[in-house]
Structures are given as C-alpha cells and as structure tokens.
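Before any comments, here is the structure.
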Amino acid sequence: MPPAESGGDGLRHTANFLRDIMAEDVRTQKFGDAVIQTRFPPEPNGYLHIGHAKAIFLDFGLADEFGGKTNLRFDDTNPEKEETVYVESIQKDVRWLGFEWERLCYASDYFPQLYEWALQLIRAGYAYVDDLTAEEIRQHRGTLTEPGKDSPYRNRAIHENLDLFARMKAGEFPDGSRVLRAKIDMTSPNLNMRDPVMYRILHATHHRTGDEWCIYPMYDFAHGQSDSIEHVTHSMCTLEFADHQPLYRWYIEQLGIFPSQQIEFDRLNLTYTLLSKRKLLQLVQEKRVSGWDDPRMPTLSGIRRRGFTPEAIRAFCAAIGATRTNGITDIEMLEHFQRDDLNRRARRAMAVLRPLKLVIENYPNDQVEYVEVQNNPEDPSAGTRRVPFSRELYIEQDDFREVPPPKYYRLSPGKEVRLRAAYFVTAQSIVKDADGSLIEVHGTYDPASRGGNSPDGRKVKSTMHWVSASHAISAEIRLYNRLFTRPDPYDFPEGGDIFDNLDPHSLEILSGAKLEPSLAHALLDDRYQFERVGYFCLDADSTPGHLVFNRTLALKDTWAKIEKKTGKEPGT
RNA sequence: UGGGCGAUCGACUAAUGGUAGGUCAAGUGCCUUUGGAGCACUCAGUCCAGGUUCGAAUCCUGGUCGCCCAGCCA
C-alpha cells in the first residue's frame, strides 16, 4: 500500500480516512448514481483563517478527486452576527486559495422550506412550542450526569402548536418569549437530544432576508436539511459536532429527505498561533494588531498580505492530512512549505536591511559598471538582470565584524570576501565617529575578479549581498515574527490571559533599508527573495515615493544557529 | 460524575492481522558565487496490563491519559 497518494494536483497527499470513506461509498454505490457532493459552510460572521483553509482543502479537494462537486454555502441562520462584508471576504478567500464552487448557496434561501418542515414535524407530533424562558429551559435540561425534565408545555395539542408557531412567525411575540422545540428525549445522555430548540424569535434584520423573518432556525435544524436539499453526500465538519450527529440524522429521518451523512475530522491547531474567531476579533478590537489583514494574523487575508501563497497552503494541507485525533501541528511545517514554494518561484534581489557603507578605495571615483545577476538560481529560465556597481556600496551591518568571532566567514579587517556577482574585496580599515561607533569600512577590490571569480583560482569563504550607494532606493521594511512567544498561546500563568503571551517584538520596522534599483518596479503580487535575508513582498501601504516591503519568512540562518550554540552575542 | 471521540518518533501522519514507513524539526557530512537551496546519512515511535493468533499498532478485555458536550451561537 502506498504511503501517500496523488490527488491529481501534483501534491503529496497524506492518505486519510475521509478519502477512504468516499472511495468505499463510491464503490458500494451508497448514494446510487449520485456524484460526490460536498459543501464548505462558513457562517459569515468573520474572516476565514488558516484553520478554514484545511476544511476548504478537504471539502473541495476530496470532492474533486472523485469527480464530485462542492457548494459554498453560507450558514447564515443568526442575523445578529452576520454581515455582507464577511460573505464577500469569504468568497474572495476561497477563490484565492484556488477553489471554485459549483453553487453559491445560503441557508437563508431555505428558510421557507425549513419552515414547512417545522410544520411537518409539529403535525407529526414531533415538535412543540415552549413558553419557558431561556433560564427555565436550561434548568429543565438537567446536567451532564442528571437527566432533564419535561417542559410543562411539552404535550400541547398539535393545533395549538400550529397556531402558536404561526403567530411566532407573524411577529406576535417578543424575542425570547417562546421557542419551537423538537420532542425527542429529555433523559437522553446526549444533551443535544434533550428536546433541542429548532426556532427562536429574533426581531433582527438579516443581511439577506431583511425583516422578512422574525423567527430563525437553529444550526441543528438548518444544517443537515441544507445538506439534504443540496444532495450533499459527505458533510464534513470538525470534531466538536460529533455529538450533534444523532440529531442531524434524526431530523433527516423524521423528514424522510435525502440522507446526507456527517463525518467529523480534527480541527487544525498550529503552534504559536491563535485560531479562535472570538479571540482574533479581540486582537483587532483592542488594536493589538492593525486589523484583520495584519500580516501577523492567521487570517487568510493576513497571511496573504504577509506574502504567503495559495500553492504553499495547499501543499501544507495536503501534507497534514486529516484524522480524528486532537493534535497541534508545528508552525515550522507551514513555514517549510512556504519556503519551499518561494524558493522555487521567487525572484532574487539584493537588499541591505541595516546598511553599513563600504568604500572601495582602489575603484575609480566616477565609474559605474553593471554586473549580470541571475534572477533565480533555481530557475535559469527566469533570466538575469543588470545591477549597478560603484565605489561606494552598502553592505549589511551584520556582515562586518571588527573582531571576528570563530567561524565567522564574513568581512573583517584583512579578510577577503566576494560581493555577489561582482568582485572580491578585502577590508583594509574602518572609520569611526567621535563616540567610537563604526561609520564606514574601507577596502580594496581585485579588478581581475570581476563576475566573482579570481583567475588564480583563489577561494573565499563568503559571498555577500550589496547595493551601490548612489543607485540604491530606500524602503521601509516590516519584519514580522510570530505573534505569540509560546507554542501554546493558552499556556499562561494563573490570573493572566492569553495576551500576556503576545510578543512585543512581533513587528519590527526598519526605515532605512537600501534596495537595488530594480525593486522600484515591484508589484503587489510579486514575490522576492532578498538574497541571504528572506522572502519579501510589497505591502499595499506602499506609495511611489515610499516603498514598504513585508518579510514573509526569513531564510534559514545557519550562522545564527552557530552563534546561538557558541553563546556569542552579535557584536560590531 | 453521564455520554461521545481519540491515543504510533519532539510535531504531523501512513501501515485496514504479515518488514512500523514518509514529511517537518533536530543532528552529521558533502556541495555551494545566497552560511540559502540541494544531496547523503543519523537520531527517534506503536499509552499501560492481560488475552486471541503461527503472527497484533491493528482484534478482545480491563485500565490510564487527552479532547468535546449542560447557547434561544455556529
């Protein structure tokens, strides 16, 4: 048996039980000739995040593997929380991830049908109007260990239930005064079966149906039937809904409608990442981040702005698979797939984040030459570009040490290194200001090493990036780190809260970066690797006179690892 | 405490009674005009105790541990 299968999309898919179920159902013709039908059913009450990406990938990806279809359905049964702005952002995010739905649906489209089905259950003696208050209903429900008690209204006559429910719909009663409940079993060990509420009165304006309705179906009375209406064969949802499955089936069976089946899988958890809509909302409201699309947010809009790509997210989803265990995936896994994607596709450029001037003393004062640099060593078809070289350059502050620590291969007095695609240079002297801080490094170059190789075959240990001082463009660079300092943001001391684990250094802004001139033409969708530094993309805050680049991810840094291991602090 | 679900390298995951494998992370070496990338290698696991079987991660029994459920949220 192969350890992984291909989904026909070129990704390495982890085998998973969902696919096994589908394959078996197709084989046994469980749904007759019907094709596999799935749905992605978000409530339009917030922005999608990376956790939803997993669900989207499964819902769309698996159906597609079997030649099936997927609907995008908005589970919009609670008008108090839902807004059109969210239905728009959700559509944008799903498309961005690379998926297209068969049909765009809304649970609210089914309100009339749902109402008819409610009447059907009342007539069959399976539903009743309850006048108990919310508090009383809660008390009657019992507890995890004690059975519930019947409501005094449980055995109302059918004609009375019909009358009351019609009047609920007609708007005769205030919010909270009555509900319609299914008559199942108040002693069931499964609390969801203790006469669950089907409809509540809500005099609220719905983002689509306006004021047409003042009673709204609960999730449980809407979801399964919506699936059934759409002939969804495999209704995948997260594990916390497992307890709802008996109710999901109960409604479908009582109604005698298309038998959609619910299958639960584990929700995505990521280290250093918060994936609770409520908490994310709090981050935004308390202005701890700049908004839903802050590049540190795990929202799809946030990671998109950060520079993550749909290709990488899909590859990640394919790799993590789906099970029924409660795990927490290392964020490194996501980062790996993102680096992997960008390494293959991102154009290279040279950018000096923290500039230090390097003056080449034996290079003619007024001379400028253009060196040819590969746009992507991983992809020769990406071609080359010409980058200006001159007497005064900027190099990275980190790339020079007056007193080099052991194993430091970069520039230091007397040491020769290569400037990428240009020349060998040797540091000769340094210039300091009155305070003794380093201002400039002066050096000499070997004119015979043009292009980066010396005819005498001499080797250097380091190749460094650089920009020509007079040609460089300035930019603001935003360096993002993980939002939280702990793998589990919920791991905070007694009396504290999750925000105690916020990293105050999750955003570092560098205002004086110097970039090679070609970067002046960067587009929002372009992805760059600033050589030896990391992956970057232009931010939407950029203006022609003020470029802003976001760091998507840093490159792996072996030197940083060595430094950490040897306990050396970076000096200057 | 009632019910449901689950437990495989540090993390994710495969093996569907027949060689415990892959990916990430970590480490070592090679290579390198990115200390990037790549290549090779290494480390490392079946929750526990019994049982069935020629053979158990898989089946059975009993434990242990973890997650979910007491919204007129989804």
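Treat the numbers as computed from the prediction; the structure is a model and nothing was measured. Numbered from 1 within each chain, the chains take letters A, B, ... in sequence-line order. In what follows, every heavy atom counts, from backbone to side chain, and hydrogens, waters and symmetry copies are set aside.
- Side-chain proximity of A/Asp330 to B/C72, B/A37, B/G10: nearest is B/G10.
- Enclosure of atom NZ in A/Lys279 by more than 12 non-hydrogen atoms of other residues, nucleotides or ligands within 6.0 angstrom is indicated.
- Below 30°, between 30° and 60°, or above 60°: for A/His13 and A/Phe57 the angle between ring planes is below 30°, a parallel geometry.
- More than 12 heavy atoms of other residues, nucleotides or ligands lie within 6.0 Å of CZ in A/Arg208, so this atom counts as buried by the packing criterion.
- Straight-line distance between the P atoms of B/A49 and B/U13: roughly 25 Å, to the nearest whole Å.
- Of the candidates A/Tyr128, A/Tyr219, A/Phe221, A/Phe221 is the only one forming a ring-ring contact (aromatic ring centres under 6.0 Å, His included) with A/Tyr199.
- In this structure, A/Ile562 CD1 and A/Tyr409 OH are separated by 6.0 Å, a value rounded to the nearest 0.5 Å.
- Residue-level contact check: A/Thr143 touches the bases, meaning some heavy atom is under 4.0 Å from a base atom.
- Among the heavy atoms of the strands, none lies under 4.0 Å from A/Met464.
- Rounded to an integer number of Å, the gap from A/Arg339 CZ to B/U23 P is 18 Å.
- Using a 4.0 Å heavy-atom criterion, one finds that A/Ile328 contacts the sugar-phosphate atoms exclusively.
- Side-chain contact annotation: A/Asn16 with A/Thr14, donor-acceptor N/O pair under 3.5 Å absent.
- At a cut-off of 3.5 angstrom, the base of B/U1 holds no donor-acceptor pair with the side chain of A/Glu146.
- The nearest heavy atom of RNA chain B to A/Asp76 and to A/Lys556 marks one nucleotide each, and the one closer to the 5' end goes with A/Lys556.
- Considering only the side chain of A/Leu144, B/G2 comes nearest among B/C73, B/G2, B/U34.
- Side-chain proximity of A/Asp20 to B/A74, B/U16, B/C24: nearest is B/U16.
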Item checked: Paired and unpaired positions of RNA chain B as dot-bracket, Watson-Crick or G-U wobble under 3.5 Å, | denoting a partner strand -> .((((((..((((....[..)))).(((((.......)))))....(((((..]....))))))))))).....

